[in-house]
2 protein chains.
Amino acid sequence: MQQKNASQRKPPASPVPARKAGRGAPPADWAQAELRPLPGLAYGVLDELLGYALRRAQNALYLHFQRSVDRADVSPQRFAALVLVAQNPGLRQGLLAEAMGLHRSGGMRLVDWLCEQGWVARADDPQDRRSWTVHPTPEGLALLDRVTAQVRAHDSALLAALGDEGPHLRRLLDRLAVAATGLTPPSSTDPVPAPE
Amino acid sequence: MQQKNASQRKPPASPVPARKAGRGAPPADWAQAELRPLPGLAYGVLDELLGYALRRAQNALYLHFQRSVDRADVSPQRFAALVLVAQNPGLRQGLLAEAMGLHRSGGMRLVDWLCEQGWVARADDPQDRRSWTVHPTPEGLALLDRVTAQVRAHDSALLAALGDEGPHLRRLLDRLAVAATGLTPPSSTDPVPAPE
DNA sequence: TATTGTTATACTCTATAACTATA
DNA sequence: TATAGTTATAGAGTATAACAATA
């Protein structure tokens, strides 16, 4: 069995300069995870599946979001968290995590990060001394205003590209989410092994 | 500034049993990253954004996919890779990576994993001795048949839940992906700092 | 006893950089 | 010099497990 270059390799002598992975200037090597259908390839079932179309769309939308927001470290998730805090000042940290589909520990890191940015602050929960409540700061609200404008522009540009069918799309997506959440997994060809 | 439990903590004496994070049985602590809208919360802009609806739908679909396929380690991505190899036997490893929006190195790990499962095999590229070509094995094709049936069932159950508007959705998603990929980032309220 | 937040840890995914062989 | 694959490593994201304080 022939192996390409696994003949002999040297350990990387120097312990690697540890370049910051920041978004300063793309190293020209790698062109942004595009996931667009390649012309010469056959995609088989993938072209029929709702799930794959959804994945493509989400990928493209994510990249577009990144390009639209001028703070590279504000991901869609962080943006959503900030919106939720601003809209529901004083919500418990755990509730925020739940709303975002995160484990408690992940929610904590998220709130930690927002606190470090100075965009939210924790305060005691008068009703439960175990809990924190989370509040937006003026800086956080200011930033949210700015980013929201950028996100809105991003979103409505896409909506415009869809013409008059655009509004349908959001409702269809909502219905799809409800269906996928509520539906029992379809018993496909072979029945599940056993209740175990 | 009061801090909840950060008074004094003990280092975890025992170096943690290192339990395998496998999917054997859910520990009953954590209920599957649901991301469904919570009743008491205000979602603000999020409810208007196409991007957030897309995220919700994708999250729900991902969970539904997991429940529908009886091999827990076959993710949507791995499934897609297997389809591409089966549909395009002999494609270069790097082309596969590109099609999946991955860096070369990531593509290699993906192919490594598929090889370990015995589902694909690498062979020399007669036209370029630097390259591998990737081919499906009989076992891979058999597995793909089975999983494809499950995925199709999963997908068409969702499609059915959307009624006659279902077919529209896939086309809208495709158009959305094209729009998001091709569109220049909208110049929002404040002009970008500078060409730098 | 159950729950909230916390912490340390580990796992997954994927990018980066350096390297080899080949073009 | 540029490209394909490989490797080691680093980083982001998030889950697990154990713990303290509180309910």
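The model shown is predicted, which means the values in this text are computed figures rather than measured ones. Each chain gets a letter, A, B and so on, in the order its sequence line appears, and its residues count up from 1.
Here dT16(D) presents its P atom at 13 Å from CG of L102(A), a figure rounded to the nearest Å. Atom-to-atom, CZ of R92(B) to P of dT22(C) comes out at 17 Å; the value is rounded to the nearest Å. The nearest whole Å value for the distance from the CE atom in M108(A) to the P atom in dA18(D) is 19 Å. Protein atom CE of M100(B) is 12 Å distant from nucleotide atom P of dC13(C), rounded to whole Å. The interatomic distance linking R129(A) (CZ) with dA2(C) (P) rounds to 23 Å, in whole Å. Following rounding to the nearest Å, Y62(A) (OH) and dA12(D) (P) show an atom-to-atom distance of 12 Å. As rounded to whole Å, 15 Å separates atom C1' of dT6(D) from atom CG of D124(B). Between the NE2 atom of H103(A) and the P atom of dA18(D) there is a distance of 13 Å, given to the nearest Å.
None of L144(A), T133(A), V134(A) except one satisfies the side-chain contact (heavy atoms from CB on, under 4.5 Å) rule with V85(A); the exception is V134(A).
The environment of R36(A) atom CZ is sparse: at most 12 non-hydrogen atoms of other residues, nucleotides or ligands sit within 6.0 angstrom.
Using a 4.0 Å cut-off between charged nitrogen and carboxylate oxygen, E165(A) and R171(B) do not count as a salt-bridge pair. Under a 4.0 Å N-O distance rule, the pair D70(A)/R146(A) qualifies as a salt bridge.
Residue R122(B) places no side-chain N or O under 4.0 Å from the OP1 or OP2 atom of dG5(D). For Q93(B) and dT6(D), the shortest distance from a side-chain N or O to OP1 or OP2 is below 4.0 Å. Close to dT6(C), at under 4.0 Å from its OP1 or OP2, lies a side-chain N or O of W132(A).
Where Q127(A) and D112(B) meet DNA chain D, the nucleotide closest to each residue was compared, and D112(B) sits on the side nearer the 5' end. Each of L95(B) and R109(B) lies near DNA chain D, and the nucleotide nearest L95(B) is the one positioned closer to the 5' end.
A donor-acceptor pair shorter than 3.5 Å can be found between the side chains of H154(B) and H64(B).
For R104(B) against dG5(D), a side-chain-to-base donor-acceptor contact under 3.5 Å is present. The base of dT16(C) lies close enough to the side chain of S105(B) for a donor and an acceptor atom to sit less than 3.5 Å apart. Counting distance only, with no hydrogens placed and no angle test, the side-chain atoms of R130(A) and the base atoms of dT3(C) include a donor-acceptor pair under 3.5 Å.
Distances from the side chain of S131(B) to the nucleotides dT6(D), dA4(D), dT7(C) place dA4(D) closest.
A heavy atom lying under 4.0 Å from DNA chain D marks none of the residues of residues 74-84 of chain B.
Rounding to the nearest 0.5 Å places CG of L91(B) at 10.0 Å from CG of L38(A). Separating the CG atom in L143(A) from the OG1 atom in T137(A) is a distance of 9.0 Å, to the nearest 0.5 Å.
Pairs of residues two or more places apart, or lying in two chains, that qualify as salt bridge (Lys or Arg N to Asp or Glu O under 4.0 Å) and include a residue from residues 45-56 of chain B are R152(A)-E48(B), D47(B)-R56(B).
Using a 4.0 Å heavy-atom criterion, one finds that G106(A) contacts no nucleic acid atom at all.
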